[in-house]
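One structure is given here, and the rest of the page talks about it.
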There are 2 protein chains.
Amino acid sequence: MADVAHIARVSKMTVSRVLAGHSVAPATRERVEQAIAQLGYVADAAAGALSSGRSDFVAVLVPSLASSNFSDTVRGLTSVLEPEGLQLLLGDTDYGLEREERLVRSMLRYQPRCIALTGSQHTDGTRHLLERARIPVVEMWDLPAKPIDLAVGFSNARAAREMVRYLSAKGYRKIGFLCGASDLDRRGLERLKGYLQEMKAQGLGEPRVVRLGESPITMTHGAPALDALLEQWPDTDAVMCVSDMSAFGAIMQCHRRGLRVPRDIAVAGFGNFEVALCSNPTITTVSVDAYGIGRRTGELLLAAQAGSTHAARAQRKVVIDYAVVERESA
Amino acid sequence: MADVAHIARVSKMTVSRVLAGHSVAPATRERVEQAIAQLGYVADAAAGALSSGRSDFVAVLVPSLASSNFSDTVRGLTSVLEPEGLQLLLGDTDYGLEREERLVRSMLRYQPRCIALTGSQHTDGTRHLLERARIPVVEMWDLPAKPIDLAVGFSNARAAREMVRYLSAKGYRKIGFLCGASDLDRRGLERLKGYLQEMKAQGLGEPRVVRLGESPITMTHGAPALDALLEQWPDTDAVMCVSDMSAFGAIMQCHRRGLRVPRDIAVAGFGNFEVALCSNPTITTVSVDAYGIGRRTGELLLAAQAGSTHAARAQRKVVIDYAVVERESA
DNA sequence: TTGAAAGCGATACCAG
DNA sequence: CTGGTATCGCTTTCAA
């Protein structure tokens with residue numbers, strides 16, 4: 001920066017002002033910009049952060065980057081935060097709470113302005129770190145009873161109940177549920193809970209639950225899970241799956257077994273992924289605005305720092321819509 | 001840090017040493033660690049970077065985070081770089097070269113130790129920025145004729161040629177190719193090029209190419225693309241798709257049209273995504289070690305800074321294996 | 001093994 | 001509108 005200042009025959013401060021877009025005489029600005037171009041100068045963000053006491057980072061943690069719904073959420077966040085000149089610090093917890101804590105600790109070292117996490121379950125260590133950090137925190141994809149700070153999400157249990165009601169209204173009575181065997185995917189567990197609640201509420205008899213494979217289960221697990229379900233309860237007439245991925249795997253397995261979907265057996269998914277629209281038959285599912293979760297989170301984060309303390313208090317929980325989408329499979 | 005030092009009754013330097021894992025008397029270290037825990041102290045990474053003159057960042061740019069092959073590559077990178085205490089600065093170019101340049105410029109502000117890009121095509125501005133940055137650069141997923149610095153990838157054109165040979169050996173003669181209409185997906189274009197070359201080399205007659213939809217095309221585009229192909233060339237007996245996503249969409253459309261795959265028409269994909277293994281029929285495809293690309297890139301990056309100048313020169317291009325995987329669809 | 005002082009490259013603040 | 005100076009929190013370097 002000193003070099004730029006020297007070439008432009010101004011002080012470092014003026015260079016700094018040009019970079020920050022503060023008021024500078026047009027002629028001076030011109031000289032500085034030429035010097036910057038000439039040297040190919042790129043300001044050091046670390047020094048800026050140290051000096052100004054605030055970084056441009058926003059920390060974001062998702063369980064998985066590969067999953068299309070979380071990457072949609074990240075895109076939504078980017079669309080709001082990038083124009084503000086903020087830089088996402090992206091982390092992938094791989095559905096692990098311990099790993100989440102490690103990542104939070106590591107990201108906090110960069111003094112992010114705010115942080116967005118996925119889900120409402122965290123280790124005590126994570127909560128402790130977050131409290132000490134004194135920055136806005138958003139929990140996404142869930143509606144925690146007791147949020148750390150802010151939340152943007154929906155009730156996965158209620159959404160699953162709505163799907164049971166849909167199937168029940170369609171005349172299905174022997175409804176099974178497929179999900180992973182481990183407890184890593186909390187949102188999947190919530191959906192299972194909702195299924196159990198609504199089966200009871202609707203008087204649909206004993207639940208038929210198959211838990212198979214490491215959560216979150218993917219396409220691959222759909223086939224063996226369907227097999228297990230039909231082995232234990234051969235007269236099942238509808239299958240709810242914890243996600244569209246497993247629903248797709250289940251449908252393909254139905255075809256292999258010579259079962260027609262939905263005539264012989266109905267299959268429903270969750271998430272409204274692209275595969276639900278493209279598979280044959282198309283998959284009845286619960287549509288969730290993943291991109292919107294990202295955008296709303298970004299907006300909340302922005303508001304939380306702008307309005308420092310007051311404006312933020314206006315809205316601490318943003319509830320995201322979802323809807324059962326009727327397609328061919330159920 | 002001064003607070004920690006005060007409580008532990010040592011100097012800031014000793015705290016710094018404890019944090020960095022340098023040699024400190026066990027008793028002293030103990031005191032310092034207790035003070036750190038007591039205060040919940042987290043060192044400021046920006047200050048450290050500024051002072052030491054090197055950051056912990058590694059910049060990584062991929063065309064899309066949602067695409068499973070690129071997210072596998074990111075996982076591979078993470079697996080190598082994270083244990084070294086490095087922090088990924090992840091960016092999503094959205095298949096845009098201008099956007100790539102913006103992201104490179106913005107990431108360079110954080111003085112990353114090295115940077116990994118996808119593909120061999122970049123704007124002049126990007127190349128210029130990268131040269132000035134004087135850090136190791138890896139181009140992934142391609143084998144540039146003239147790499148900026150290092151490269152880890154394979155020839156998409158050769159891989160596509162191999163698939164044509166496979167189909168030809170299987171007895172298919174009227175082979176079509178489906179890909180996107182725009183030129184954004186350079187690797188897709190390379191595959192098209194390979195298809196054209198090998199069709200000629202094998203004397204398989206006029207190529208049958210349908211370019212439809214914004215690249216990179218996804219599941220959704222498979223159906224209309226297949227329709228267009230069969231309308232123009234009704235006697236087509238095999239379809240190569242630029243990716244497994246579009247292959248899947250095409251297969252589902254075959255089913256809707258009452259065509260059996262592969263008996264009436266064969267379909268092949270590219271990438272060996274999960275859907276290729278789960279769909280019915282399973283999809284014949286080209287398997288690429290996306291995770292391995294990430295790992296090798298990470299290793300190269302690590303070597304490039306460790307061996308400063310010499311060790312790196314040993315291997316500037318890493319060629320990644322691929323293979324045609326025979327499944328049911330072709 | 002530990003400490004003191006200098007300085008990394010920018011910005012905040014106050015003068016002119 | 002522009003410049004000087006102090007300072008952000010840490011590491012480097014050198015000395016004890």
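A note on names: the letters A, B, ... follow the listed sequences, proteins ahead of strands, and every chain is numbered from 1.
The interatomic distance linking D56(B) (CG) with dT11(D) (P) rounds to 10 Å, in whole Å. In this structure, NE2 of H22(B) is placed 9 Å from P of dT11(D), rounded to the nearest angstrom. The NZ-C1' distance, from K12(B) to dC10(D), rounds to 7 Å in whole Å. Rounded to whole angstrom, the span from the CE atom of M13(A) across to the C1' atom of dT7(D) amounts to 13 Å. Atom CZ of R17(B) is separated from atom P of dT11(D) by 11 Å (rounded to the nearest Å). The CZ-P distance, from R54(B) to dG9(C), rounds to 15 Å in whole Å.
With hydrogens and angles left out, the side-chain atoms of S79(B) and R295(B) include a donor and acceptor closer than 3.5 Å.
Aromatic pair Y110(B)/F57(A): ring centres closer than 6.0 Å.
At dT11(C), none of the side-chain N or O atoms of S52(A) fall inside 4.0 Å of OP1 or OP2 (strictly under the cut-off). Within the structure, a side-chain polar atom (N or O) of S16(B) is placed less than 4.0 Å from OP1 or OP2 of dT11(D). Remark: T14(A) is not in phosphate contact with dC1(D), judged by side-chain N or O atoms under 4.0 Å from OP1 or OP2. OP1 and OP2 of dG9(C) both lie 4.0 Å or more from every side-chain N or O belonging to Y110(B).
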